[in-house]
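Working notes for the structure below.
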Amino acid sequence: MSVELSGGQIVVRCLKDEGVELLFGYPGGAVLHLYDAIFQQDDVQHILVRHEQAATHAADAYARATGKPGVVLVTSGPGATNAVTGIATAYMDSIPLVVISGQVPSAVIGSDAFQEVDMVGITRPCVKHNFLVNNVADIAETMKKAFHVATTGRPGPVVVDIPKDITDPKIKVPYVYPESVNMRSYEPPREGDQRQVQKAVDLLLSAKRPMIYSGGGVVLGEASEELRTFSRQLGYPVTSTLMGLGAFPATDSQFIGMLGMHGTYESNMGMHESDVIIAIGSRFDDRVTGKLADFCPYAKIIHIDIDPASIAKTVKVDVPIVGEVGIVLKQLMAEINVNGSRIDTEALAAWWDQIKEWQSVNCLEYDRESELIKPQYAVEQLYKVTAGNAFITSDVGQHQMYAAQFYPFDEPRRWINSGGLGTMGFGLPAAIGVKLAHPDADVACITGEASIQMCIQELSTAQQYQTPVKIINLNNRYMGMVRQWQEFSYQGRYSHSYLEALPDFVKLAEAYGHVGMRIEKPEDVTPALEEAFAMKDRTVFLDIITDQKENVYPMIEAGKGHHDMRLRVASGTPIDRELA
Amino acid sequence: MRHIISILIENESGALSRVAGLFSARGYNIESLTVAPTDDVTLSRMTLVTRGSDDVIEQIVKQLNKLIDVVKLTDLADVVHVERELMLIKVRTEPSSRAEIKRMADIFRGKVIDVTSNSYMVEMTGSSDKLDAFVAAISTHHIIEIVRTGATGLPRGSGSLIL
């Protein structure tokens, strides 16, 4: 038995039938019919943001924190274009998102109508796929396809652009939500090729200086358990990309830290000296590889990825395996058990000795005696106060790197940041999205005074929906990462990276109905954090005044290789050269 | 190296722009592109000529395959194939040159399909190389305009790109 529904009602029913609980959006002319349909039901809760960019970030973070697709509804024209930054953010990090955008009525498409923009055209380069719905009867199937494409294979955002007349309440058609999807042109891979798996295992077991290089794909593919079992079975050192943090427990002794531009000395040196690298759900991003010509010169590389286009895109690999990471890892483990070769334990012990030597450099050390609040210290204290259990969102810049370096994540989906696109303004709406997904968990947004102002209006959303997140504003009065690059590469010409006319964040938080705190001394950091997290039902804005000149170390500067790291200058002596 | 990528793609609005957009966004070059529906009205067949190193072509093929609308594709350069392109070329004629231009068209198995007192339009099909050779051969005459479809092709024998 099918019911007769209007296009607007069908869209909302599809969301319900897809199991969508939350819809992040902002109304406008082209989606009025849709909003009317939302008004008349209680199954899908709508979260009204203050800017469409925030809707996409909140939905994106909801997806990152739960593994379920995030859903967004925006109007045509400016509503749609405002969403584009968030869509591109999700695209770069392969986050499943379904974005429904209103479009001007079919009859006026192409006439430069009021609030018209070619959403399908504008988003084409930053979506996994997009649809323009031409017919009321096509809505249900299109929505089914949108969710299917967004959530399967390498996930990503899908835009469904719906002209206003298609949601007209006067036009009703029978509604049936399809049970399955048939797309002849889209079939994501699952198992890896068994011959490749064998080759990979032969290579892995022959390794003298192996490295496990894990990425965001392990988190997205829900393969943390498989990664852990696999890594422990081998006993090889594990490093992770920014996006993969938490897939392998950071407090495990087998984990040697993040790699790449601000990765640990031991991880980057390990990669550089390794003879066999297994890349698992990671994509050899330029922030990971540094200078390609110097990337892992001695290594044979195994690469597991669900996206064939990720393989050999920038780095040639020796054993590519296309498939779902979790399945391929199981195949690898099964093959290790039957393979005649065994791990070279002697070589592995020597390799771990070498790694421990690199670890003794203590590359993340900072001045703990400082009279100023060091941002690293604030993050460390946050870790302690939350017992390492919080969901951490971040914006983009130095604070993001401090968060990645000083808040060790032991579980996947706890670390929520814009890694690929590097979108400032992500953190606060993301924190709201996460808090809505996990109301009982501690959620903190580690941000800076520059980033936070890019979506600061969402403090209002946080008030409306009572999402008590803690905002850790590492306030150094600079766009810290820009300032750092200007110090290193532009002889300290701090062009437009200093933030003047900052608001009083305490008063600002209070104006939005939240609690504001200003912390200026190191000894006040922990008590303030404890006080903030004790206020379970309040959003707290902690404006932490940090050392203006602190830099993120280690650093592989642009155009350099893993072995050419810039380490903190200790007692006036640069130690990077002699160690490299 | 020159590659001829033959693509079966869903016959939907916007499908062509996805392919064209991919090439511009990723900095691949398109030498020519031709597209039309097939005997199955739900499918279009696109033939795209591009140049690049093996690595670039590998990425192009992977990225094309990743497009949701792309159903299947093959690189004709990898197989024995037949390649054809259609050209229409309009040439100014003088009384003294008409016979020679006609003769040249005959040699290249072209047809004169439009005649005025001072021009010929020649229709010619063949490989892109052959069309280039004809253009070079009559370049001493005044060429008014040329239109070419870009190459299209099929694998020889039983090899095929079908569902």
Side-chain angles (χ1 to χ4, degrees), chain A residues 88 91 94 106 109-110 118-135 138 142 145-146 148-150 152-161 163 181-189 283-284 292 303 305-317 320 322, chain B residues 3 5-30 33 35 37-46 48 50 52-75 78 160-163:
Chain A
Y91 179 71
S94 306
S106 309
I109 286 181
D118 173 12
M119 185 59 167
V120 167
I122 270 185
T123 58
R124 192 182 304 116
C126 61
V127 292
K128 184 168 172 189
H129 196 53
N130 57 22
F131 298 93
L132 173 65
V133 182
N134 293 312
N135 210 313
D138 293 343
T142 307
K145 281 183 182 172
H148 177 65
V149 170
T152 53
R154 180 178 182 177
V158 175
V159 166
V160 182
D161 199 32
V181 184
N182 180 22
M183 294 176 76
R184 60 183 168 185
S185 60
Y186 175 69
E187 201 168 330
R283 63 182 177 93
F284 298 87
L292 281 172
H303 188 186
D305 206 293
I306 196 157
D307 177 8
S310 271
I311 291 174
K313 185 169 65 179
T314 55
V315 171
K316 285 255 166 118
V317 300
V322 176
Chain B
H3 290 257
I5 300 173
S6 196
I7 306 163
L8 283 179
I9 190 164
E10 298 286 357
N11 185 12
E12 282 175 14
S13 67
L16 172 62
S17 65
R18 289 183 206 280
V19 173
L22 171 70
F23 273 70
S24 63
R26 294 196 180 264
Y28 308 139
N29 92 82
I30 299 182
L33 190 158
V35 58
T38 63
D39 52 332
D40 175 349
V41 291
T42 65
L43 283 175
S44 289
R45 183 144 174 166
M46 190 180 285
L48 196 152
T50 183
S53 64
D54 288 352
D55 293 349
V56 169
I57 298 298
E58 182 184 335
Q59 263 301 307
I60 289 176
V61 166
K62 285 173 169 177
Q63 293 290 349
L64 283 170
N65 264 316
K66 207 170 140 178
L67 292 177
I68 306 287
D69 282 340
V70 168
V71 183
K72 220 173 174 185
L73 65 83
T74 188
D75 184 352
D78 289 345
S160 59
L161 180 69
I162 50 172
L163 292 189

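Proteins come first, then strands; the chains are lettered A, B, ... in the order of their sequence lines, and each starts at number 1.
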query: Is it the backbone or the side chain of B:Ile9 that comes under 4.5 Å from a heavy atom of chain A, or both, or neither?
result: neither
- prompt: Under the side chain to side chain donor-acceptor pair (under 3.5 Å) test, which residues partner B:Asn29, sequence neighbours left out?
  reply: none
Ion pair check, A:Arg283 and A:Asp305, cut-off under 4.0 Å: no
message: Using only non-hydrogen atoms and a strict under-4.5 angstrom cutoff, which residues of residues 121-130 of chain A touch chain B?
response: A:Arg124, A:Lys128, A:His129, A:Asn130
- request: Begin from the C-alpha positions of A:His303 and A:Phe284 and carry the test side chain to side chain contact (heavy atoms under 4.5 Å, CB included) through to its verdict.
  value: CA-CA 10 Å; A:His303 188 186; A:Phe284 298 87; 3.4 Å; yes
message: A side-chain contact here means heavy atoms from C-beta on lying under 4.5 Å apart; do B:Glu10 and A:Arg184 qualify?
response: yes
- prompt: Side chain, backbone, both or neither: which part of A:Ile311 has a non-hydrogen atom closer than 4.5 Å to chain B?
  reply: both
message: Any non-hydrogen side-chain atom of B:Ile60 less than 4.5 Å from a side-chain atom of B:Phe23?
response: yes
- line: Honestly, the part of B:Glu58 sitting under 4.5 Å from a heavy atom of chain A is side chain
query: How about A:Ser310 and A:Arg154: does a side-chain donor come under 3.5 Å of a side-chain acceptor?
result: yes
- request: Go through B:Leu8, B:Leu22, B:Thr42 and name the one with the most non-hydrogen pairs under 4.5 angstrom from chain A.
  value: B:Thr42
query: How would you list, by chain and number, every residue that makes a salt bridge (charged side-chain N to carboxylate O under 4.0 Å, His left out) with A:Lys313, sequence neighbours excluded?
result: none
query: Residues two or more places apart in sequence or in another chain: which of them pass salt bridge (charged side-chain N to carboxylate O under 4.0 Å, His left out) with B:Asp55?
result: A:Lys316
